[in-house]
Amino acid sequence: MKMRNNKSKYYPNVLKVLEVNIYSRRKELGMSQQELSQRIGVSRNCIQQMECYEHMPLTSTILDLLLELGYTLDGRTEFWKAYMDAYYQDKARFKEQE
């Protein structure tokens with residue numbers, strides 16, 4: 001898979017957390033990319049790119065996704081823990097490469 005932007009290069013673990021959570025939950029709910037995108041006010045292409053490691057959404061978009069995908073408060077908390085763990089792993093890896 002070709003990664004297009006710098007965030008893909010620098011934050012692969014963060015993007016993996018997004019991809020796994022968005023794609024798997026959307027599929028569980030039987031929701032299309034188009035349907036999800038319309039519900040949260042982004043393009044279908046934006047959803048597709050998030051699911052393929054190509055786009056790092058704004059925090060507000062992530063929150064909208066979690067709410068629309070029916071994550072409970074505990075589920076959102078677990079997501080953010082995984083997201084932040086991935087962020088710090090990526091940040092440490094990037095520092096090592098400097």
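Because only heavy atoms are used, hydrogens play no part in the values below, and waters and symmetry mates are left out as well, while side chains stay in.
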Got a second to check how far Ile47's CD1 is from Ile22's CD1, nearest 0.5 Å?
6.5 Å

Can you measure from CD (Gln33) to SG (Cys46) and round to the nearest 0.5 angstrom?
10.5 Å

Set of ring pair (Phe, Tyr, Trp, His ring centres under 6.0 Å) partners for Tyr88, sequence neighbours left out:
none

Applying the 4.5 Å side-chain criterion to the ILVMFWY set and letting contacts propagate, would Leu66 and Leu29 be lumped into a single cluster?
yes

Is there a continuous path of hydrophobic side-chain contacts, each under 4.5 Å between heavy atoms, that joins Leu63 to Val42?
no

What I'd like to find out is whether the side chain of Glu19 reaches to under 4.5 Å of the side chain of Cys52, using heavy atoms alone.
no

Kindly compute the distance separating OG (Ser37) from CD (Gln48), expressed to the nearest 0.5 Å.
11.5 Å

Report the residues that fulfil side chain to side chain contact (heavy atoms under 4.5 Å, CB included) with Arg39, sequence neighbours left out, ordered by chain and then residue number.
Met31, Glu35, Glu68

Within one Ile-Leu-Val-Met-Phe-Trp-Tyr cluster: Tyr11 and Tyr83, side-chain cutoff 4.5 Å
yes

ILVMFWY cluster, Leu67 and Leu36 together (side-chain gap under 4.5 Å):
no

Under 4.5 Å between side-chain heavy atoms, hopping through other hydrophobics if needed: is there a path connecting Val20 to Tyr71?
no

List for me each residue that meets side chain to side chain contact (heavy atoms under 4.5 Å, CB included) alongside Tyr23, sequence neighbours excluded, and say none if there are none.
Arg26, Lys27, Glu51

Beyond-backbone contact of Leu65 with Met50, side-chain heavy atoms, under 4.5 angstrom
yes

Measure the CG-CZ distance between Leu69 and Phe79 for me, rounded to the nearest 0.5 Å.
10.0 Å

Which residues share a salt bridge (charged side-chain N to carboxylate O under 4.0 Å, His left out) with Lys91, sequence neighbours left out:
none

Closest heavy-atom pair, Gly70 versus Arg25, reported as atoms and distance to 0.1 Å, is O-NH2, 3.8 Å

Side chain to side chain contact (heavy atoms under 4.5 Å, CB included) involving Lys81 - partner list, sequence neighbours excluded
Thr77, Glu78

Tell me, please, which residues at least two apart from Ala86 pass side chain to side chain contact (heavy atoms under 4.5 Å, CB included).
Asn13, Val14, Val17

